[in-house]
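First the structure, in the form of structure tokens, and then the observations on it.
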Amino acid sequence: MIIVSSLRQVEAVMARYAPVRSLSLLAPWQTIIFETDRMPRDRVVLAFNDVAASGPGLVAPDEATVAAIVEFGRRCRSNDVSLVHCWMGVSRSPAAAYIIACERAPGEERAIAEDLRRRSPTAAPNRLLVALADDYLARGGRMVDAVDGIGRGCAFDGDPPPLFLPLDGSLGGGAVPVVAKSRGSPRPA
């Protein structure tokens with residue numbers, strides 16, 4: 001299972017679920033403030049901005065970013081708990097979890113996106129990252145179309161609750177673990 005969370009929830013997720021590996025998706029400047037001594041030994045930190053296109057002073061994700069996410073995902077066993085997080089837990093980390101799940105289940109891109117939406121009404125997977133992965137995994141636009149199909153997700157005040165995405169091939173409306181309430185509440189976009 002992959003737990004997707006915001007940076008602020010990492011300590012609580014680590015304490016409650018003890019992930020065996022972690023993937024941190026942070027802006028380039030955030031890597032210097034990120035404390036890694038409590039993280040799993042098997043961890044990957046990728047530094048890029050949450051952007052839809054390259055621009056002056058911004059680091060956009062690229063094929064190497066996607067390759068690192070896919071490689072991380074291949075080390076994730078379905079019965080292990082793995083953590084994927086970014087700053088807010090809404091865009092880069094849900095995109096990475098989606099990529100990992102799609103890599104394991106070719107042809108199930110739409111079902112995985114719909115499952116992601118059911119489990120997280122706030123998720124807004126980074127479209128550029130998904131598009132790069134679509135090319136990398138040779139999915140012919142199915143990943144991008146599926147993410148476009150679920151929309152951006154609702155706005156949220158505070159940190160959205162963690163997202164739990166199974167990696168055992170169970171798609172659809174499986175049980176979602178109960179999590180502690182966050183400080184915010186969903187509101188329509």
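This structure is a prediction, so every number in the text was calculated from the model and none was measured.
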Once you round to the nearest 0.5 Å, how far does CG of Asp50 lie from CG of Leu58? 10.5 Å
Less than 4.5 Å apart, any side-chain heavy atom of Asp115 and any of Pro166? yes
Atom pair CG/CD1 of Leu167 and Ile2 - distance to nearest 0.5 Å: 4.0 Å
Holding to salt bridge (Lys or Arg N to Asp or Glu O under 4.0 Å), I want the full list of residues that pass it with Arg75, two or more places apart in sequence or in another chain. Asp42
Mind checking whether Asp159 and Met88 have side chains closer than 4.5 Å, heavy atoms only? yes
More than 12 heavy atoms of other residues, nucleotides or ligands under 6.0 Å from CD of Glu11: is that the case? no
Would you say the side-chain atoms of Asn49 pair up with the backbone N or O of Val59, donor to acceptor, closer than 3.5 Å? yes
Would Tyr136 end up clustered with Val84 when hydrophobic side chains under 4.5 Å apart are linked, directly or stepwise? yes
Is the shortest side-chain heavy-atom distance between Ser91 and Asn126 below 4.5 Å? yes
Please confirm whether the backbone N or O of Met143 pairs with a side-chain atom of Asp134, one donor and one acceptor, at under 3.5 Å? yes
What are the two closest heavy atoms between Leu128 and Ala53, and how far apart are they? CD2-N, 4.0 Å
Gly153 backbone acceptor or donor facing Thr122 side chain under 3.5 Å: no
Side-chain donor or acceptor of Gln30 paired with backbone N/O of Pro28 under 3.5 Å: no
Restricting to non-hydrogen atoms, name the atom on Ala97 and the atom on Leu165 that form the minimum distance, rounded to 0.1 Å. O-CD2, 3.7 Å
With the side chain counted from C-beta on, respond yes when Ser5 and Val10 share a heavy-atom pair under 4.5 Å apart, and no when they do not. yes
Please determine whether side-chain contact (heavy atoms from CB on, under 4.5 Å) holds for the pair Met39 and Leu83, giving the CA-CA distance in whole Å, both sets of side-chain angles, and the decisive distance to 0.1 Å. CA-CA 10 Å; Met39 299 302 286; Leu83 168 65; 3.9 Å; yes
Check whether Tyr17 reaches the backbone of Ser82 with its side chain - one donor and one acceptor, N or O, closer than 3.5 Å. no
Can you give me the closest heavy-atom contact between Ala111 and Arg118, atom names plus distance? O-NH2, 4.5 Å
Are Met14 and Pro40 side-chain neighbours, meaning at least one heavy-atom pair lies under 4.5 Å? yes
Shortest non-hydrogen contact between Pro125 and Leu116, atoms and distance: CG-CD2, 3.7 Å
d(Ile3 CD1, His85 NE2) to nearest 0.5 Å is 12.5 Å
Would you check if the side chain of Gln9 reaches a backbone N or O of Pro160 as a donor-acceptor pair within less than 3.5 Å? yes
Can you tell me if Arg127 uses its side chain to pair, donor with acceptor, with the backbone of Val147 under 3.5 Å? no
Do Asp145 and Arg110 meet the salt-bridge criterion of a basic N to acidic O distance under 4.0 Å? no
Is there side-chain contact between Ser120 and Val4, with at least one heavy-atom pair below 4.5 Å? no
Asp80 side chain to Pro19 backbone, donor-acceptor under 3.5 Å: no
Taking all non-hydrogen atoms of both residues into account, name the closest pair between Ser6 and Trp87 and its distance. CB-O, 3.5 Å
Might you work through the side-chain contact (heavy atoms from CB on, under 4.5 Å) test for Leu129 and Phe48, ending with a clear yes or no? CA-CA 10 Å; Leu129 197 54; Phe48 61 95; 4.0 Å; yes
Nearest-0.5 Å distance that lies between atom OG in Ser93 and atom CG in Leu23: 8.5 Å
Measuring from atom CG of Leu46 to atom SG of Cys86, what distance do you get when rounded to the nearest 0.5 angstrom? 12.0 Å
Beyond-backbone contact of Asp135 with Glu63, side-chain heavy atoms, under 4.5 angstrom: no
Donor-acceptor pair, side chain of Arg117 and main chain of Ala123, under 3.5 angstrom: yes
Nearest heavy-atom pair of Arg142 and Tyr98: which atoms, and what distance? O-OH, 4.4 Å
Less than 4.5 Å apart, any side-chain heavy atom of Leu137 and any of Val70? yes
